[in-house]
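As the structure lists them, so they are numbered: ligands from 1, and atoms in each ligand from 1.
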Amino acid sequence: MHDVIKDLEARREQARLGGGHDRIDRQHKNGKLTARERIALLLDEGSFEETDMFVEHRSYDFGMDEKRIPGDGVVTGHGTVNGRLVYVFSKDFTVFGGSLSKAQSEKIVKVQKMASQNGAPVLGIFDAGGARIQEGVDSLAGYADIFMQNVLSSGVVPQISMIMGPCAGGDVYSPALTDFIFMVKDTSYMYVTGPDVVKTVTNEVVTHETLGGASVHAAKSGVVDGAFENDIEALVQMRRLIDFLPGSNRDTPPVRPTFDIVEREDYSLDSLIPENPNMPYDMKELIEKTVDEGDFFEISPSFGGNIVCGFGRMEGSTVGVVANQPMTLAGVLDIDASRKAARFVRFCDCFNIPIVTFVDVPGFMPGTKQEYGGLIKHGAKLLFAYAEATVPKVTVITRKAYGGAYDVMSSKHLRGDVNYAWPTAEIAVMGAKGAVEIIFRKDIGDADKIAEHTKSYEDNFANPYIAAKKGYIDDIVLPHATRRRISKALRTLKNKDVQNPWKKHDNIPL
Ligand code: HXC
């Protein structure tokens, strides 16, 4: 008996070493943690239960029969984050560069399936060189098996990807199918084809970073939802994000005890809106002063900054917050903002997370760049996402709600449940200047007349009362009472039950 126990321990020890001490040292020298160190930081101490530690590849070509390493380049299993179940797979770059074999894909699919079946989020950590070249089509088959399970799990359990090293070729599409992707600055990169192929095909000279680093994907392409300074910060933030998320679409959002009282009123909000309607103010101040303890996890902070999306809590329960940001492009809706917010709204709706929307939007962005880029279709994504969402929806218009953007931003007409406006709200087809220049075109040369028309337009339209008189706004609320009013509204919506008509699935304008 003693010998078999020693044998098991020796086998485990060997598996834990992955590609060996030299490659682990190289990993550390490159500023990266190992697959196991990452899992240890992500999960509660001692909670990790590893599966398939002894799985090996089944390849014989190119001398691979001589090289078998238990675990085969990925560490898989489950554990807890603050006591809640999470499934995880973590690519081990020290073993064949983390490349994907058929056996490795089977390990990953196993945790994906267990996560869906048991209603828990699945988090994938990527640090790998793509398809296991020695395995040929078997590796491609393995990728497709993972993609298939990503798609089946979409909307069933939250899927999160963390890019912590190379992520190229076949490796990029599994993250792309998940709900959120995050990267680590400087040590990770993500692209379909690398710099050498790019040079051959397009003659562009690029580095890993300029082609697919965090600076590209978190700020330009919008492929990833955030970038962190290093592995440790990234994993700590993943724990924070997981705390906001339900385990599955069968769960309600988790509730965390809070000391922040619902009745808290913040009088500084009464002066948040500047006197001059063209002056910006920071919408994040309103968000942070509204949610419990100011704790707000922002999604994609460096992309589409004219709209702010993220998770907070009200009375301890998670809410998704969507808010126009007057500090960036006056909070206008453009292609990037529409895509970003549409995806976020859909995530919230999949996972029963109520949506709180703060509106200060001058309209959609004009111009050929936007029109040629398909603003019509991208703007429609956000409209569609809000319209189809059946989770509780509470909206507060703080200042401008102009034109089509008024409709889009969770208006009453798209089944907003409780729609409030501050007394500073201006709900109209457009701003006074634009309106007067159209309806009084003949007076354009006469400054006095234009001023008179503008004043008359502002007096009549630049307020929330016309919409309130028609019932499009449920009430005008004082800024300092915003938290209390939203909390009360959400309380009444706890048992909301609205169904969309039966369909196989909808056809959102992709
Ligand atoms: C097998 C691989 C590998 C791969 C790396 N290794 N990539 N083994 N298949 N795809 C091995 C190396 O042989 C090496 O083994 C170890 O991993 C570390 O690799 P290095 O090259 O020494 O590391 P580094 O200098 O840090 O460079 C990392 C890298 C580079 C940039 C990722 O390894 C690389 O370019 N790899 C190939 C990337 C690629 O073209 N993949 C295929 C994509 S096509 P030893 O034993 O020396 O430690 C694809 C199609 C799938 O994925 C499509 C499905 C939809």
Side-chain angles (χ1 to χ4, degrees), residues 14 17-35 55-75 90-109 112 124-151 161 163-178 181 183-184 186-201 205-214 216-217 223 231:
Q14 197 202 342
L17 259 187
H21 290 296
D22 288 350
R23 289 189 182 89
I24 290 174
D25 289 347
R26 193 170 155 211
Q27 185 83 349
H28 288 157
K29 270 196 206 108
N30 288 337
K32 301 191 292 182
L33 297 174
T34 65
V55 164
E56 294 177 350
H57 69 75
R58 301 182 288 271
S59 171
Y60 290 87
D61 297 323
F62 304 106
M64 287 300 276
D65 48 341
E66 307 281 307
K67 298 186 209 159
R68 296 194 199 278
I69 299 176
D72 202 35
V74 69
V75 182
S90 178
K91 298 270 198 161
D92 186 349
F93 190 77
T94 71
V95 178
F96 310 120
S99 58
L100 190 97
S101 68
K102 186 70 172 68
Q104 190 192 100
S105 72
E106 287 161 6
K107 288 181 65 171
I108 293 173
V109 169
Q112 289 179 301
I125 298 174
F126 291 81
D127 183 1
R132 177 88 47 91
I133 293 165
Q134 298 91 330
E135 288 212 8
V137 70
D138 266 345
S139 175
L140 304 185
Y143 272 123
D145 292 342
I146 295 169
F147 303 156
M148 187 68 227
Q149 195 53 50
N150 280 131
V151 173
S161 303
I163 316 299
M164 300 188 119
C167 182
D171 269 339
V172 299
Y173 283 108
S174 174
L177 296 167
T178 62
I181 313 178
M183 288 181 84
V184 178
D186 303 326
T187 51
S188 76
Y189 48 89
M190 227 187 150
Y191 41 64
V192 177
T193 48
D196 295 343
V197 179
V198 169
K199 172 87 181 70
T200 310
V201 177
V205 179
V206 281
T207 62
H208 293 301
E209 180 62 32
T210 57
L211 183 62
V216 171
H217 289 312
V223 164
D231 283 16

Flag the pair [X] / [Y] as yes when at least one side-chain heavy-atom distance between them is below 4.5 Å, and no otherwise.
X: V223; Y: M190; result: yes
X: I69; Y: D92; result: no
X: V205; Y: K199; result: yes
X: R132; Y: S59; result: no
X: P166; Y: D127; result: yes
X: V198; Y: T193; result: yes

Per-atom contacts of ligand 1 with [X], taking only distances under 4.0 Å to non-hydrogen atoms:
X: Q134; value: 1 (C), 9 (N)
X: L140; value: 51 (C), 53 (C), 54 (C)
X: R132; value: 9 (N)

Which bit of [X] is near ligand 1, meaning a heavy atom under 4.0 Å away: side chain, backbone, both or neither?
X: Y173; value: neither
X: S99; value: side chain
X: Y189; value: side chain
X: N30; value: neither

As a test of the contact definition, would [atom] count as having a protein heavy-atom neighbour under 4.0 Å?
atom: atom 23 (O) of ligand 1; answer: yes
atom: atom 41 (N) of ligand 1; answer: yes
atom: atom 15 (O) of ligand 1; answer: no
atom: atom 28 (C) of ligand 1; answer: yes
atom: atom 33 (O) of ligand 1; answer: no

Using heavy-atom distances only, which candidate in [options] approaches [atom] most closely?
atom: atom 18 (C) of ligand 1; options: F96, F147, Y143, F93; answer: F93
atom: atom 51 (C) of ligand 1; options: S139, S174, G170; answer: G170
atom: atom 39 (C) of ligand 1; options: G129, C167, G130; answer: G129

Heteroatom distance test (I133, ligand 1): nitrogen or oxygen, under 3.5 angstrom: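 So ligand 1 has an N or O lying under 3.5 Å from an N or O of I133.
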Contact check: D171 vs ligand 1, nitrogen or oxygen atoms, below 3.5 angstrom: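 It does not: no N or O of D171 is found under 3.5 Å from an N or O of ligand 1.
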Evaluate the ring planes of F96 and H57, with Trp represented by its six-membered ring, and classify them as parallel (under 30°), tilted (30 to 60°) or perpendicular (over 60°).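 Geometry flag for H57 against F96: perpendicular rings.
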Just say parallel, tilted or perpendicular for the rings of F147 and Y173, cut-offs at 30° and 60°.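 F147 and Y173: perpendicular rings.
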Counting non-hydrogen protein atoms only, what is the nearest one to [atom]? Give residue, atom name and distance.
atom: atom 10 (N) of ligand 1; result: A131 O, 2.7 Å
atom: atom 26 (O) of ligand 1; result: R26 NH2, 3.4 Å
atom: atom 5 (C) of ligand 1; result: G97 CA, 4.2 Å
atom: atom 48 (O) of ligand 1; result: R23 NE, 2.7 Å

Going by an N to O cut-off under 4.0 Å, is there a salt bridge joining K107 and D72?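 Result for this pair is no, no salt bridge flagged.
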Write down the atom of A141, the atom of K102, and the distance for their closest heavy-atom approach.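 That closest heavy-atom pairing would be CB-CE, 4.2 Å.
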To check you understand the geometry: which heavy-atom pair defines the closest contact between A128 and S99, and what is its length?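 Result for this residue pair: CB-N, 4.3 Å.
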Please tell me whether Y191 and H208 have a donor and an acceptor in their side chains that are separated by less than 3.5 angstrom.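 There is such a pair (donor and acceptor under 3.5 Å, judged by atom type) between the side chains of Y191 and H208.
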Within 45° of the axis and under 6.0 Å from the centre of the six-membered ring of Y60, does NZ or CZ of R68 qualify?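 Cation-pi check for R68 and Y60: passes.
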